[in-house]
Number of protein chains: 2
Amino acid sequence: MAVTDEAIEKIKGMIVSGALRPGDRLPKESELAADLGLSRNSLREAVRALSLIRILDVRQGDGTYVTSLDPQLLLEAMSFVVDFHRDDTVLEFLAVRRILEPAATAMAALRISEQQLDALTAQLDKLGDDPSVEDLVACDLEFHRGIVQSSGNSVLCSLLDGLSGPTTRARIWRGLTQEDAVGRTLREHRAILAALRDRDAEAARSWATVHIASVEQWLRSTL
Amino acid sequence: MAVTDEAIEKIKGMIVSGALRPGDRLPKESELAADLGLSRNSLREAVRALSLIRILDVRQGDGTYVTSLDPQLLLEAMSFVVDFHRDDTVLEFLAVRRILEPAATAMAALRISEQQLDALTAQLDKLGDDPSVEDLVACDLEFHRGIVQSSGNSVLCSLLDGLSGPTTRARIWRGLTQEDAVGRTLREHRAILAALRDRDAEAARSWATVHIASVEQWLRSTL
DNA sequence: TGACCTGATACGTCGGAGGTCTTGAGCGAC
DNA sequence: GTCGCTCAAGACCTCCGACGTATCAGGTCA
């Protein structure tokens with residue numbers, strides 16, 4: 001195994017074992033390199049790799065730190081990965097989202113606060129009946145994110161955030177707006193919100209399923 | 001932005017735009033560094049980072065290639081990330097798995113082949129009534145993986161594979177085997193298999209839910 | 001007291017020099 | 001003709017030393 005890969009494993013080990021805790025500062029590059037028995041250049045490759053997936057946070061002129069390791073932060077790196085997928089796997093991602101999002105919406109129905117319900121309502125009201133494509137995409141993303149956050153599971157939230165990444169969503173909407181789907185989407189958002197306000201988990205789940213299934217159906221007929 | 005980060009973005013751009021396709025070979029380090037306008041050392045950091053998340057495949061003595069970019073390969077990197085999470089977020093991961101796995105099992109009930117059913121049966125038979133901890137862990141992992149693969153969604157499969165990563169699973173089982181849970185787990189596996197053989201999606205879904213919920217319950221009472 | 005300057009510290013970038021591994025061409029034995 | 005070996009070229013691996021740049025702490029001066 002290459003020395004850089006060993007270094008990655010060792011640093012990972014230090015964090016997993018608890019020798020390095022979230023927020024801790026690593027020894028400076030030259031020292032750490034000496035400790036791990038490799039050159040500074042090779043160590044930097046290891047640090048850079050761990051920095052890309054948000055395990056480490058490197059600050060020039062200051063030092064290198066372990067991040068908070070929040071699920072949200074770590075799974076955020078997943079959206080980087082999702083960006084690489086081509087259209088032929090979008091349906092599979094959507095199918096997973098079709099499983100997760102209704103469940104998350106149902107969970108949210110039992111926990112969401114009145115404030116958040118009001119915030120979602122205001123958000124939909126602000127959009128109006130005939131929004132621009134950019135506004136619609138942004139709103140859709142925010143609407144679903146707001147609901148999923150109320151599910152209380154940060155892993156679930158981050159996962160869905162990654163799955164519904166900007167790229168995927170944008171690709172879908174680009175063509176979707178050409179049909180009548182805009183109006184239907186807005187109506188479905190209203191229906192989901194109403195179910196949440198009623199604390200009706202099953203209705204919320206069903207509306208979320210319908211909502212995603214309609215996108216899926218359209219996408220399937222297009223590809 | 002640092003030159004290395006720029007290089008990461010540029011390489012990513014070349015892949016996403018289609019200039020580099022899966023399996024393609026990159027120019028050699030010195031050339032690519034010259035093209036992108038940075039030193040070989042800095043470029044290597046970018047390549048190493050993309051290699052960690054399985055975007056690039058570096059072969060010493062040969063060259064650097066774009067991987068197949070299969071969802072399976074890319075999401076495999078997720079298990080690396082999951083390893084960093086401590087016990088306090090295990091429950092959240094398990095909750096997500098509790099959503100996905102029953103759905104995957106239900107999907108599998110409609111698609112699984114006779115051969116695979118036989119293979120799963122043989123696998124359970126081979127294990128016997130009083131297996132060792134190592135065998136049980138390996139069997140559990142294989143059993144669920146086999147079912148999820150039959151769901152026909154590779155993204156779903158990879159995602160569950162990452163969530164049920166070896167670390168998490170091992171931690172759970174280590175203590176779980178101290179109680180009577182072994183026998184119950186084996187019986188639940190049998191029940192899931194029977195439901196699959198009956199092509200009864202709802203029964204399969206329910207048994208999978210029960211199966212995971214029992215683990216979740218035990219874990220919740222322990223932490 | 002507060003703004004500014006300055007030195008120490010640590011990461012960022014670079015160029016070059018060997019080392020190691022893979023590959024494929026060339027060549028001889030069977 | 002085919003198989004196996006040798007060997008050289010190509011490409012990545014590792015290291016070193018130097019210099020650039022950003023941050024922070026402490027001191028200076030108005």
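The chains referred to below are lettered A, B, ... by the order of the sequence lines, with proteins before strands, and numbering in each begins at 1.
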Engineer: Without decimals, in angstroms, what is the distance between Glu45(A) CD and dC11(C) C1'?
Structural biologist: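 Those two atoms, CD and C1', are 16 Å apart.
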Engineer: Send over the distance from Arg40(A) CZ to dG20(D) C1', rounded to a whole Å.
Structural biologist: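 To the nearest whole Å, that distance equals 11 Å.
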Engineer: Starting at CZ of Arg44(A) and ending at P of dC13(D), how long is that distance when rounded to a whole Å?
Structural biologist: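 About 17 Å, once rounded to whole Å.
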Engineer: Distance criterion of 3.5 Å, no angle test: do you see the side chain of Gln60(A) paired donor-to-acceptor with the base of dT23(D)?
Structural biologist: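 Check fails, no donor-acceptor contact within cut-off.
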Engineer: If I take atom CD1 in residue Ile8(A) and atom P in nucleotide dC13(D), what distance separates them, rounded to the nearest angstrom?
Structural biologist: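 Atom-to-atom, Ile8(A) to dC13(D), this comes out as 12 Å.
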Engineer: Take the protein atom CG of Leu38(A) and the nucleotide atom C1' of dG19(C), then report the distance between them rounded to whole Å.
Structural biologist: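 So the two atoms are 16 Å apart, to the nearest Å.
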Engineer: Tell me which nucleotide among dT13(C), dT14(D), dC14(C) gets nearest to the side chain of Ala2(B).
Structural biologist: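 Ranking dT13(C), dT14(D), dC14(C) by closest atom to the Ala2(B) side chain puts dT13(C) first.
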Engineer: Salt bridge (charged side-chain N to carboxylate O under 4.0 Å, His left out) for Asp118(B) and Arg197(B)? Distances and angles first, verdict last.
Structural biologist: CA-CA 9 Å; Asp118(B) 294 340; Arg197(B) 208 175 267 289; 3.3 Å; yes
Engineer: If you check the Asp62(B) side chain, which of dC24(D), dC12(D), dT23(C) turns out closest?
Structural biologist: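 The listed nucleotide nearest to Asp62(B)'s side chain is dT23(C).
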Engineer: Can you tell me how far C1' of dC11(C) sits from OH of Tyr65(A), to the nearest Å?
Structural biologist: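 Those two atoms, OH and C1', are 11 Å apart.
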Engineer: For Arg21(B), I'd like to know if atom CZ has over 12 heavy atoms of other residues, nucleotides or ligands within 6.0 Å.
Structural biologist: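 No.
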Engineer: Between dC13(D) atom C1' and Glu29(B) atom CD, what is the distance in whole Å?
Structural biologist: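 These atoms are roughly 8 Å apart.
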Engineer: Could you please name the option among dC14(C), dC13(D), dA11(D) that lies closest to any side-chain atom of Val58(B)?
Structural biologist: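 Looking only at heavy atoms from C-beta outward on Val58(B), the closest nucleotide is dC13(D).
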Engineer: Hey, which of these two, Arg59(A) or Ser42(A), hits DNA chain D nearer its 5' end, going by closest nucleotide?
Structural biologist: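 Going by which nucleotide is closer to the 5' end, it is Ser42(A).
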Engineer: Report yes if the side chains of Asp70(A) and Ser154(A) come closer than 4.5 Å at any heavy-atom pair, otherwise no.
Structural biologist: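 They are not in contact (no side-chain heavy atoms under 4.5 Å apart), so the answer is no.
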Engineer: Roughly how far, to the nearest 0.5 Å, is the OG1 atom of Thr4(A) from the CG atom of Leu43(A)?
Structural biologist: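 Result: 8.5 Å between the selected atoms.
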Engineer: For Leu43(B) and dC14(C), what is the distance between atoms CG and P respectively, to the nearest whole Å?
Structural biologist: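 From Leu43(B) CG to dC14(C) P: 10 Å.
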Engineer: Among dA10(C), dT23(C), dT14(D), which nucleotide sits nearest the side chain of Arg25(A)?
Structural biologist: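 Between dA10(C), dT23(C), dT14(D), the one nearest the side chain of Arg25(A) would be dA10(C).
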Engineer: Using a cut-off of 4.0 Å on non-hydrogen atoms, how would the nucleic acid contact of Ser30(A) be classed: base, sugar-phosphate, or nothing?
Structural biologist: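 Answer is nothing: Ser30(A) stays at 4.0 Å or more from every strand.
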Engineer: If you round to the nearest 0.5 Å, how far is NZ of Lys10(B) from CE of Met14(B)?
Structural biologist: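 Result: 9.0 Å between the selected atoms.
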Engineer: Quick check on DNA chain C: between Asn41(A) and Thr64(A), whose nearest nucleotide comes earlier from the 5' end?
Structural biologist: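 The residue whose closest nucleotide sits nearer the 5' end is Thr64(A).
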